[in-house]
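Each ligand, and each atom within it, is numbered from 1 in the order the structure gives.
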Amino acid sequence: MEIRVLPLPDDRKKPKYDDESKLAFGRIFTDRMLLIEWKVGQGWVDARIQPYEPFVLDPACLVFHYAQEIFEGLKAYKWQDGTITLFRPEMNAHRFNLSAERISMPLLPEELFLKGIEDLVRLEKDWIPASEGTSLYIRPTMIAVEPVLGVKPSDHYYFFVILSPVGAYYASGFNPVKIMVEDHYVRAVPGGTGEAKTGGNYASSLKAGLEAKGKGYDQVLWLDGVHRRYIEEVGAMNMFFAYGDTVVTSPLTGSILNGVTRDSVLKLAGSLGFRLEERLIDINELMADVKSGKVTEAFGSGTAAVITPVGTLGYKGENYTVGSGGVGLLTQKLYDTLTGIQYGRIEDRFGWVRKIGQ
Ligand code: COI
């Protein structure tokens with residue numbers, strides 16, 4: 001499908017950020033966006049890259065009432081030599097369709113997802129920051145725009161992509177965060193939408209997140225929705241624990257997100273000689289192991305969060321320091337290797353980096 005590029009008038013160009021080191025996460029957006037529509041009986045139509053602008057939407061649109069919405073998150077990087085790359089975007093294209101299928105939205109051809117993003121990022125390349133820890137965050141999204149109040153899948157959708165130059169997700173940067181194990185609210189249940197990247201999962205996490213913030217934590221770690229016993233994910237991150245040279249993470253049971261960074265960490269840790277275990281992690285055993293020092297490191301992984309060390313775990317009102325409470329050696333090694341590949345300093349032996357321009 002042809003993707004038209006609409007003109008960007010001078011008065012629609014935004015002032016650029018002037019200090020890359022001060023970039024926060026997801027607060028500023030580039031000049032252009034991608035928009036493709038899906039209409040019943042026609043399929044995907046009218047693909048265009050246009051100036052970034054607000055939508056004018058009927059207040060009856062299904063997305064506002066029944067949350068038929070999915071999204072993805074991936075990043076573009078600018079290397080020191082000017083090469084522009086994406087990191088494993090095929091995985092996002094594939095996962096986007098798994099999410100679409102789960103909440104009865106049309107599937108988007110993966111080549112169109114990738115081409116749309118590549119064309120847009122190339123046009124907006126001057127917005128990609130180049131310094132360490134910065135990147136261009138890419139947010140593909142699909143919303144249901146049919147104006148009707150009956151509960152049903154929409155007959156009209158917008159697929160759009162916006163771009164945001166970003167720094168670290170956590171204001172603390174690559175420093176240990178404090179996570180509270182949530183034993184009251186749950187994020188997902190078997191058979192639910194936990195594995196899909198749909199906005200509703202995040203909306204329902206806000207209350208627990210706020211309560212945890214009020215107690216001095218950065219985010220919550222969810223337990224499984226049936227027993228409130230097994231570790232699931234953090235919401236913006238999958239979780240990993242190091243027991244010496246064994247790296248442990250929760251299996252993909254259907255109620256946690258199949259993270260691109262999670263998969264990359266497993267492959268990297270394996271290639272660095274660590275033993276891998278994907279197994280149910282019982283919270284009581286985990287806390288005992290943290291207390292006795294058997295758990296030497298904990299960290300989260302995610303596109304936005306990259307690799308984020310976890311220094312403290314709070315559970316049932318008590319705080320437990322993980323390892324030294326600082327950044328562990330394995331966490332640092334994985335962070336350095338992953339970001340080394342992403343920023344072109346370390347050879348990509350996995351075929352993860354997709355070069356899309358200069
Ligand atoms: C990402 O890591 O890209 C995510 O989608 C998490 C997010 C909610 C910031």
Side-chain angles (χ1 to χ4, degrees), residues 23-29 67 69-77 85-100 102-103 113-114 117 121 128-129 133-143 159-174 177 179 182 187-188 193-210 212-213 218-222 232-240 249-250 252 255-266 299-310 334-335 338-339 342 352:
L23 284 172
F25 183 82
R27 295 198 173 269
I28 57 170
F29 301 94
E69 186 266 1
I70 58 170
F71 71 96
E72 268 302 323
L74 65 159
K75 284 175 170 171
Y77 302 86
T85 67
L86 301 177
F87 186 73
R88 308 189 74 184
E90 311 80 12
M91 282 195 79
N92 300 91
H94 183 66
R95 191 174 62 183
F96 193 67
N97 278 339
L98 295 179
S99 301
R102 178 62 184 84
I103 64 165
F113 178 102
L114 294 171
I117 288 174
V121 170
I128 312 176
T134 67
S135 57
L136 187 70
Y137 186 75
I138 304 168
R139 174 50 64 87
T141 310
M142 181 163 29
I143 55 173
F159 167 69
F160 62 90
V161 181
I162 55 175
L163 306 175
S164 176
V166 297
Y169 185 68
Y170 293 101
S172 51
F174 184 64
V177 293
I179 299 285
E182 176 57 61
R187 173 184 173 277
T193 57
E195 203 175 28
K197 219 161 162 54
T198 178
N201 288 342
Y202 296 80
S204 69
S205 76
L206 295 175
K207 190 166 160 62
L210 271 182
K213 275 223 166 75
D218 294 291
Q219 277 191 349
V220 303
L221 171 56
W222 300 101
E232 296 235 307
E233 59 160 81
V234 167
M237 313 191 283
N238 295 110
M239 277 301 301
F240 288 85
T249 195
S250 309
L252 300 174
S255 52
I256 71 173
L257 200 78
N258 182 359
V260 176
T261 315
R262 175 188 181 279
D263 184 77
S264 309
V265 164
L266 283 172
F299 63 89
S301 70
T303 296
V306 194
I307 287 176
T308 297
V310 174
L334 287 169
Y335 178 86
L338 179 68
T339 55
Q342 290 171 333
W352 289 339

Yes or no on side-chain hydrogen bond (donor to acceptor under 3.5 Å, both in side chains) for Ser255 and Glu232, after CA distance, side-chain angles and deciding distance? CA-CA 8 Å; Ser255 52; Glu232 296 235 307; 2.9 Å; yes
With heavy atoms only and a cut-off of under 4.0 Å, state how Lys197 meets ligand 1: side chain, backbone, both or neither. side chain
Taking the side chain as everything from C-beta on, heavy atoms only, tell me whether Phe299 gets closer than 4.5 Å to Val265. yes
Taking 4.0 angstrom as the limit, do Arg262 and Glu233 come out as a salt bridge? no
For Ala304, the atoms of ligand 1 under 4.0 Å from one of its heavy atoms are 1 (C), 2 (O), 3 (O), 9 (C)
Ligand 1 contacted by Met237 (non-hydrogen, < 4.0 Å): no
So, is Tyr137 polar-close to ligand 1, with some N/O to N/O distance under 3.5 Å? yes
Numbered in order shown, the ligand 1 atoms found under 4.0 Å of a heavy atom of Arg139 are 5 (O)
What part of Lys75 sits under 4.0 Å from ligand 1 if we count only heavy atoms: the side chain, the backbone, both or neither? neither
Among all protein heavy atoms, pick the one closest to atom 8 (C) of ligand 1 and tell me residue, atom and distance. Tyr202 CE2, 3.5 Å
Is the gap between the ring centers of Tyr169 and Phe174 under 6.0 Å? no
Against heavy atoms of Gly73, which atoms of ligand 1 measure under 4.0 Å? 3 (O)
Interatomic spacing from CZ in Arg95 to CD in Glu90 - rounded to 0.5 Å: 13.0 Å
Between Trp352 and Ser264, which heavy-atom pair has the shortest distance, and what is it? CH2-O, 3.5 Å
Enumerate the atoms of ligand 1 whose separation from the nearest heavy atom of Phe71 is less than 4.0 angstrom. 5 (O)
I'd like to check Phe159 versus Phe113 (side-chain heavy atoms, cut-off strictly below 4.5 Å). Are they in contact? yes
Which atoms of ligand 1 have any heavy atom of Tyr169 under 4.0 Å away? 9 (C)
